[in-house]
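For reference, the structure is listed below as structure tokens.
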Amino acid sequence: MRTSLKSHGCGELRAEHDGQEVTLAGWVHRRRDHGSLIFIDLRDHDGIAQVVFNPKEAEEAHRVASDVRNEYVIQVKGRVARRPPGTENRNMATGEIEVHAQSATLLSPSKTPPFYINEETEVDDLLRLHYRYLDLRRERMHRNIVFRHKVVQFIRNFLSERGFVEVETPILIKSTPEGARDYLVPSRVNPGRFYALPQSPQQLKQLLMVAGFERYFQIARCFRDEDLRADRQPEFTQLDIEMSFIDEEDMLKLMEDLHTAMVETLRPDLRLTKPFPRLAYAEAMRRFGSDKPDLRYGMELVDVSDLLAESEFSVFRDTLAAGGVVRGICVPGGAGLSRRQIDELTEFVKTVGGKGLVSIGLTGEGPVEKLTADDFHSPVHRYLRLEEVRAIAVRIGAGRGDLLIIVADQEGRASQALDGLRREMARRLNLIDEGFLAFCFITDFPLVEWNEAEERWDAVHHPFTSPKEEDVPLMDSDPGRVRARAYDLVCNGWEIAGGSIRIHRRDVQEKMFSLLRIAPAEAQERFGHMLEAFEYGAPPHGGIATGLDRTVMLLAGERDIREVIAFPKTKTAADPLFGAPSTVSEAQLKELHIALRPEASISKESS
RNA sequence: GGCCCCGUGGUGCAGCGGCCUAGCAUACCAGCUUGUCACGCUGGAGAUCGGGGGUUCGAAUCCCCUCGGGGUCGCCA
């Protein structure tokens, strides 16, 4: 980190520098004033070093150190020396040495920061974003951003070595009114017309395949005007990949190799499964109630519908009669949960889409087949027959001391509720191995799903996703059963990538449009450029896009992508640092040929 | 858009109808301090409790509205 103003980075000094004259420059991390001796922990990008100011050795430097406060920027010239025996600090990388200041220069003073830079404390999100440049100075954030760079660098190298070409695609593209809401950009040159910011480079990367690049990738910024979450930002970054002349195996192999190598290089302390397990969508839904299961723990979902068709408990019986399911999970050692904790779970399940739950705690000794009426405890005890409880316990694989959580609902909601419960219980019972990255592939997604509101089939992935060859005939007879050549990469319960083998045959593409009730004229209007391109020799191709923010978050051990994005937005898509979004002048609007609707003409104080 | 949580000196918390003349820690300011490393000691300054309205003899504490932040469902082809 040598520059004209400094000879070394603070963090790189070691015992081997003993006796060297150095010039450091950085921020005052902490200052300890002993009256005559002053210690300053000087911090720069790559670390912290202790500087000692002794008035008997350097009176002027000591005077500077006396006036300096936290976060002042100073330059120090001095000599590196081993610390006196007994005063070494093993907690610091540079703890064996210190710098004896000979001179010091104040480069820039600092106001007292609005929050601690030198301590790990919770700080209000709004404040952090307003002073993001100070937040990023904090060690953990600084480390996260540097780590993100390493991930990106690793990806670029990895793919480049395998013949991939990074191609940039436009940020101003055509709006395709489907899927997420577009961010629109008005055109000054073309009155009344708008560009959209890309939700992903999807169509462009397919065009690059038609263009014959065969192996494309891009670290691409994507934009979606939808509501935010801890894992969603209005602008986010994808690692976008597309390859020609491949099938699913090529793509999954590449992703597995990439992620394995990345973890082993950048986080060798974390463990992962090799090879990545693969689950068909139907199996994932059946066993985990989710297409992004967290495989770090068990508690798989088990169907007990057939055991309860004759149940005296009307919720079970009625749900089953209405075509629903009764499914459950076994919470190991959960029989000890208090009534209050069970009530909390009942409240919780409502927040994840469920209507309620039935808990059955198993107590006593011996095999569950010998369970007695006194050995199980449930709020609906009197509606449950002993033989039913025994059968459920056996089916779910529960033992004494475990808690059965049973949910009766239509299949979709039951899955959602149990998925939520499973995750919640794992958290509460500390069943999560934080040192493990449980990657898995989910394959064989349905091609289309029925849109109740619109009464039509919608593409699960997108309209260019290829159906499985053997399922093509089903597109006419039973579209819901058609499996797509689509795949997701999942890690620790997060979807981190999704992709598919694309349709490259005109007849199949037309069949797909017809199934989605996209009329030829509409297809021409929306995707004409793609359809035309495909008439000039389209290679079989497929691709994938990973959520880079989520990947970095997982590898960095964070729980929110905002912790790995330098300048993220709040939940209302606002940027408290710049004050975006803001109003603009009437002149700007006029130039863009835009008039605001009355309801949008808010007071102007915001800008 | 629905539901839930939060909003008290700079920061992080406590207080949840009168004992609050709003407490604690830390940061901040001043003085003392030659081996500290979350230095220490002494002293000092600093918030009317996001905003508005209401209930009450009395509100940081209860109610309503509103603003802001967060979580979640919807949404995210």
Side-chain angles (χ1 to χ4, degrees), chain A residues 29-42 48-57 62 69-71 83-92 94-95 98 100 111-131 134 176-182 199-200 202-203 222-234 236 347-354 413 416-417 420 423-424 447-449 451 453-454 456-465 484 486 495 498 500 512 516 518 526-527 547 559-560 562 569-572 574 576 606:
Chain A
H29 187 66
R30 219 170 235 124
R31 179 173 156 278
R32 293 176 293 280
D33 184 348
H34 287 242
S36 46
L37 269 195
I38 294 175
F39 298 94
I40 285 180
D41 291 339
L42 193 65
I48 296 177
Q50 173 167 283
V51 183
V52 191
F53 296 83
N54 189 329
K56 289 184 179 157
E57 291 176 14
H62 182 268
R69 292 294 180 269
N70 282 352
E71 301 310 314
R83 294 194 187 185
T87 64
E88 301 89 350
N89 186 343
R90 293 180 195 287
N91 299 322
M92 287 177 80
T94 61
E98 60 194 3
H100 291 264
K111 290 165 73 173
T112 301
F115 49 81
Y116 301 106
I117 310 296
N118 54 16
E119 269 181 50
E120 284 279 325
T121 47
E122 286 291 310
V123 180
D124 181 71
D125 280 302
L126 189 60
L127 198 63
R128 289 179 61 192
L129 293 184
H130 189 260
Y131 297 98
L134 295 181
T176 55
E178 192 177 341
R181 296 182 182 89
D182 282 329
Q199 297 177 20
S200 80
Q202 182 58 42
Q203 297 180 40
C222 305
F223 307 86
R224 293 178 190 174
D225 188 5
E226 295 291 348
D227 287 355
L228 278 58
R229 286 280 201 292
D231 62 338
R232 282 190 227 153
Q233 281 275 301
F236 61 101
E347 284 308 303
F348 171 82
V349 77
K350 288 173 186 167
T351 70
V352 292
R413 266 208 305 268
Q416 201 181 338
R423 290 170 195 262
E424 179 70 10
L447 183 69
V448 292
E449 64 189 344
N451 182 328
E454 307 276 334
R456 59 144 200 256
W457 294 100
D458 280 347
V460 169
H461 191 47
H462 57 57
F464 308 107
T465 297
E495 179 196 327
S500 65
M512 184 68 176
L516 298 176
I518 298 174
R526 278 166 56 185
F527 309 118
R559 293 166 187 282
D560 190 321
R562 282 173 293 203
K569 297 201 170 31
T570 65
K571 213 206 150 194
T572 48
S606 55

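Chain A is the first sequence line, chain B the second, and so forth, proteins listed ahead of strands; every chain is numbered from 1.
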query: Is Ile38(A) touching bases, backbone alone, or none of the nucleic acid, heavy atoms closer than 4.0 Å?
result: nothing
query: For the side chain of Gln233(A) and the backbone of Lys569(A), is there at least one donor-acceptor N/O pair under 3.5 Å apart?
result: yes
N/O (side chain, Thr572(A)) to phosphate O (OP1/OP2, G69(B)) under 4.0 Å: yes
- request: Can you sort out the partners of Phe236(A) under ring-ring contact (aromatic ring centres under 6.0 Å, His included), two or more places apart, ordered by chain and number?
  value: none
task: For G15(B) versus C20(B), give the span between their P atoms, rounded off to a whole number of Å.
output: 15 Å
- request: In whole angstrom, give the distance that lies between atom CZ of Arg559(A) and atom C1' of G70(B).
  value: 16 Å
statement: Here the distance between atom P of C6(B) and atom CD of Glu122(A), to the nearest Å, is 16 Å
- request: Summarise protein proximity over nucleotides 71-77 of chain B in one line of letters, 5' to 3': B for base, S for sugar-phosphate only, - for none, counting protein heavy atoms closer than 4.0 Å.
  value: BBBBBBB
query: So which nucleotide does U48(B) pair with, by the Watson-Crick or G-U wobble rule with both distances under 3.5 Å?
result: none
- prompt: Of all residues at least two apart in sequence or in a different chain, which pass the ring-ring contact (aromatic ring centres under 6.0 Å, His included) check with His34(A)?
  reply: Phe39(A)
field: Residues forming a salt bridge (Lys or Arg N to Asp or Glu O under 4.0 Å) with Asp560(A), sequence neighbours excluded
entry: Arg562(A)
query: Starting at CZ of Arg128(A) and ending at P of G70(B), how long is that distance when rounded to a whole Å?
result: 11 Å
- prompt: Which whole number of Å gives the distance between the C1' atom of C49(B) and that of G7(B)?
  reply: 10 Å
field: Between C1' of U11(B) and OH of Tyr131(A), the distance in whole Å
entry: 12 Å
- request: Calculate the interatomic distance between Lys569(A) atom NZ and G69(B) atom C1'; express it in whole Å.
  value: 17 Å
task: Using a 4.0 Å heavy-atom cut-off, write out nucleotides 27-42 of chain B from 5' to 3' as B (base contacted by protein), S (sugar-phosphate only) or - (no contact).
output: SSSS--BBBBBSB---
task: Go ahead and name the base partner of G23(B); Watson-Crick or wobble counts if both distances stay under 3.5 Å, otherwise write none.
output: C13(B)
- prompt: Is there a donor-acceptor pair closer than 3.5 Å between any side-chain N or O of His62(A) and the backbone N or O of Ser36(A)?
  reply: yes
field: Thr465(A) side-chain N/O to Ser500(A) backbone N/O, donor-acceptor pair under 3.5 Å
entry: no
query: What's the CG-P distance between Leu127(A) and C13(B), to the nearest Å?
result: 12 Å
query: When you compare U56(B) with U61(B), how far apart are their C1' atoms, in angstrom units rounded to a whole number?
result: 13 Å
message: What is the distance, to the nearest angstrom, from the CG atom on Asp124(A) to the P atom on G50(B)?
response: 13 Å
Please output the side-chain donor-acceptor pairs of residues 115-127 of chain A that fall under 3.5 Å, not counting sequence neighbours, one pair per line with the distance.
unit_1: Asn118(A); atom_1: ND2; unit_2: His29(A); atom_2: O; d: 2.9
unit_1: Asp124(A); atom_1: OD2; unit_2: Leu126(A); atom_2: N; d: 3.2
unit_1: Asp124(A); atom_1: OD2; unit_2: Leu127(A); atom_2: N; d: 3.4

message: Under 3.5 Å for both donor-acceptor distances, Watson-Crick or wobble: does C75(B) have a partner, and if so which one?
response: none
- prompt: Salt-bridged, Glu226(A) to Arg232(A), with N to O below 4.0 Å?
  reply: no
- request: May I ask you to say whether Asp227(A) pairs ionically with Arg229(A), meaning some side-chain N is under 4.0 Å from a carboxylate O?
  value: no
message: Whether the side chain of Arg32(A) engages the backbone of Ile38(A) through a donor-acceptor N/O pair (distance < 3.5 Å, no angle test) should be reported.
response: no
